[in-house]
Amino acid sequence: MIQFQCEHCFQEYKVRDDRAGQTLKCKSCGERMQVPSGDDDLLDDFYEDDEEVYERQARPARKKASSKGGKQKKQSGNSANSPVTMVAGIVAFVVMFFVSYTLVRSLMGGGEPEEIAQPHQELAPAGVTPAPAPAPVEEKAESETPAKPMEVAQSKPVSGQPAAKKATPAPAKPKPQPEPEQKWTSLVDPPLVTADWPESSRLKIDLKNAEEKLVVPSGSGPVVAVQYKNRSLYHFDIWNLATEKKIGEISITPPQEWMILTPKFKLSADGKYLLLNITERTSKIPKLVCWDTTTGKIVSEWQIDAPGSVVSLYEICGNNGAFVQLIRKDGGKYKTILKRWDLQTGKLEQETEIKSSEFASHSYLVSPGGNYLATNTSNKVFFYDLRTLKLIYLMELDGHLDPRAKYYSLQALDFSRDGKQLGMLVTESGKTEIWLVNLEDGKPDRAFEVAGNLSDQFSQPSYEGNKLELTPSGRSFLLYGALLVDRESRRSVWVLEPPPNVIIRRPLYLTPHYLFANTDSALTDDKGRLRLNRKPQLVTVPLPEKQITDGLAAYQSESDALLRTGSKVSINVNVVNIKFGKEDEVKEVLQEVLKDRLEADGFEVAEDQPLIFQMEYQEQEGNKLQMSKRGRPSPGNPLGRTPTGETLQSTAAAFKLSWVQKSPKRTLWTKQVLVNPRFLILRNATEQEAREQMFEGLQNRLMGELIPYFIPKEKGLSMLPGETQLPE
């Protein structure tokens with residue numbers, strides 16, 4: 001018997017061996033599914049071998065299922081050229097790449113969903129003071145699975161939906177949408193609320209006893225809601241950051257019959273309405289409740305769907321709309337439904353059934369005007385019209401990007417503030433790119449490209465905001481809440497450094513001339529002691545507009561500089577204290593990586609040059625990692641990881657990078673880095689294998705490390721990229 005699951009609703013099935021490879025219809029969700037063939041055991045055997053190595057508690061390898069068909073294939077001559085053998089080879093290659101890719105990503109902090117080990121301690125290398133080991137923090141999982149080659153291809157629009165229905169207590173049965181038929185039409189969507197931002201601001205908002213995350217509109221708007229902690233009620237202050245005034249205040253005392261499992265409040269673009277999903281305790285009916293923040297009173301309250309329906313997400317959209325994505329069980333089958341209501345009356349306006357694979361509830365974005373929604377899954381972008389709930393376009397990413405690269409990952413989306421462009425952050429192991437899609441005609445353009453995966457540089461501490469933000473001024477991009485990229489020159493120009501001892505970087509709120517940042521976000525001091533009497537605030541930080549403009553002008557001119565791209569430079573690498581390796585071999589590898597890195601920036605590497613790029617490298621014991629074994633995922637343990645009680649000693653690497661002038665001898669720039677893995681996925685659970693995986697990831701990090709490409713002679717000018725320390 002063959003046991004498998006429907007990939008759409010996860011209903012389990014057992015079928016006879018002679019059904020292998022056939023396509024069947026799921027009795028639960030109605031979708032088509034393919035029965036795994038006998039060759040799928042190749043994948044299972046690979047993982048079982050993997051587990052036997054690193055779990056230390058190996059279970060017996062499962063034998064491959066035999067069948068008459070399998071015997072006939074074995075007797076049919078040259079099996080090496082058979083389709084089954086070719087498919088097995090492809091599967092083996094994909095699996096091997098996925099594991100290798102995940103190892104590198106996990107090493108540098110990427111790929112959090114694959115975490116299998118936690119550190120017991122962190123040891124500081126000589127000459128480097130690391131941040132204290134962070135306490136375990138639950139983070140939102142984001143897929144880092146490699147995908148097929150991508151291209152920003154011609155969009156595939158989708159035709160119309162069934163007519164809207166009136167809401168009824170009984171579950172409706174809308175029909176799925178038909179296939180794409182239309183051509184691209186403009187998706188430009190100007191913002192609902194425009195703000196007149198001042199050139200500077202000294203606004204400070206007290207965040208003591210406030211929740212860690214502020215409530216912001218789903219599209220765009222100059223307002224935020226600060227929620228203050230209280231066990232008996234929810235209290236909010238509503239601020240207009242552009243006018244620097246508090247425009248609303250509301251306290252909500254939930255009735256006893258309300259169940260609020262996850263209090264995710266939604267705010268309208270003008271700050272007037274606050275929306276919350278609740279469930280009635282006795283009837284189990286899911287509802288939406290809308291308040292007016294200026295009066296504190298309930299404006300409307302309505303039933304979302306039948307009891308037991310699961311709400312995946314809900315948002316405010318447009319001037320007076322609200323939509324929901326939900327999962328409904330209908331006749332033993334699970335269906336994904338979109339609904340839209342009038343926010344002020346609670347009247348149902350639209351309802352339609354969609355495919356769950358075409359709408360990722362964990363990764364979506366509402367346009368500034370609230371009329372469109374973009375969601376990305378499996379390196380595809382799906383566009384919905386939120387007024388009609390139609391899926392109007394499907395944009396597939398393959399081909400227009402570098403054809404030599406095999407695997408890309410679409411990391412983030414962001415609409416420009418004027419609603420005219422959609423930005424896409426795309427990464428692979430050796431490259432980071434930003435693409436801009438013109439929403440009037442659907443044409444893409446690569447706006448930025450850099451060697452190395454920049455996510456490795458900014459994953460510790462991790463950033464809670466969007467990984468890609470198109471700044472309101474339209475002059476730059478903000479990547480990972482840390483790196484400003486100039487759009488015109490397509491160069492990295494500035495780095496926003498977090499305060500010391502921060503575990504998680506809070507979202508930044510951008511304006512044309514400055515940004516808002518949380519102060520006092522570190523919970524511990526330099527010695528790891530809990531900080532008492534903290535006074536967190538939301539404060540403004542000026543954007544270094546003049547420094548960037550002047551620095552770029554000097555860089556692009558022919559004026560004298562201590563360092564600029566195009567210069568001839570030498571490389572000097574010093575290596576000591578290598579574990580499980582030889583110093584001369586490590587030195588040779590690092591020299592080759594740095595040569596590629598500098599040449600990618602436009603430098604010419606040669607012997608005996610007046611400018612030297614220097615690296616000092618050493619290794620020591622790092623974190624002790626808790627071993628865990630892989631099992632079946634569950635709601636309480638989505639990764640299916642179970643600790644074994646054993647530990648593994650990892651290796652940490654400390655390195656120092658410097659630009660050094662030979663005569664007169666002086667250091668123009670220097671930076672110290674500690675690489676101390678917090679989790680690893682290993683095929684062989686040995687200390688030597690852990691060190692080798694750390695070193696592989698370190699090489700990838702060096703390709704994306706931020707290194708100055710311009711150091712001016714004039715003291716009044718800034719080097720590029722420059723640096724600003726965010727306030728403590």
Mind running side chain to side chain contact (heavy atoms under 4.5 Å, CB included) on Leu410 and Val381 for me, showing each step along the way? CA-CA 9 Å; Leu410 180 57; Val381 182; 3.7 Å; yes

With rounding to the nearest 0.5 angstrom, report the [atom1] to [atom2] distance, [X] to [Y].
X	Y	atom1	atom2	result
Glu464	Ile504	CD	CD1	5.0 Å
Asn623	Asn676	CG	CG	3.5 Å
Asn376	Tyr364	CG	OH	12.5 Å

Assess whether atom CD of Glu723 is packed by more than 12 heavy atoms of other residues, nucleotides or ligands within 6.0 Å.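 Buried by this count: over 12 neighbours within 6.0 Å.
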
Any side-chain heavy-atom pair from [X] and [Y] closer than 4.5 angstrom?
X	Y	value
Glu433	Tyr408	yes
Leu425	Tyr480	yes
Glu488	Arg475	no

Check step by step if side chain to side chain donor-acceptor pair (under 3.5 Å) holds for Glu616 and Gln614. CA-CA 7 Å; Glu616 299 175 22; Gln614 185 168 293; 3.1 Å; yes

Show the nearest heavy-atom pair for residues Asn453 and Ser455, with the distance to one decimal. OD1-OG, 2.6 Å

Among Val589, Leu590, Val593, find the residue that satisfies the side chain to side chain contact (heavy atoms under 4.5 Å, CB included) test when tested with Val573.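 Only match with Val573 under side chain to side chain contact (heavy atoms under 4.5 Å, CB included): Leu590.
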
Using the rule side chain to side chain contact (heavy atoms under 4.5 Å, CB included), only one of Leu470, Asn466, Leu496 pairs with Leu478; which is it?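 It is Leu496, the one option of Leu470, Asn466, Leu496 that forms the side chain to side chain contact (heavy atoms under 4.5 Å, CB included) with Leu478.
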
How far apart are the C-alpha atoms of Met694 and Ser650, what are their side-chain angles, what is the distance that settles it, and do they pass the side chain to side chain contact (heavy atoms under 4.5 Å, CB included) test? CA-CA 8 Å; Met694 180 281 299; Ser650 69; over 6 Å; no

Exam field: side chain Ser658 to backbone Lys671, donor-acceptor pair closer than 3.5 Å: no

Side chain of Ser363, backbone of Thr375: donor and acceptor closer than 3.5 Å?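 Such a contact is absent between Ser363 side chain and Thr375 backbone.
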
Does a side-chain N-to-carboxylate-O contact under 4.0 Å join Glu583 and Lys587? no

Output a table of donor-acceptor pairs, distance under 3.5 Å, between side-chain atoms of residues 603-612 and any protein atom two or more places apart or on a different chain; print 'none' if there are none.
unit_1 : atom_1 : unit_2 : atom_2 : d
Asp608 : OD1    : Lys662 : NZ     : 2.6
Gln609 : NE2    : Glu607 : O      : 3.0

Return the set of residues passing side-chain hydrogen bond (donor to acceptor under 3.5 Å, both in side chains) with Ser570 (not counting sequence neighbours), or none when no residue passes. none

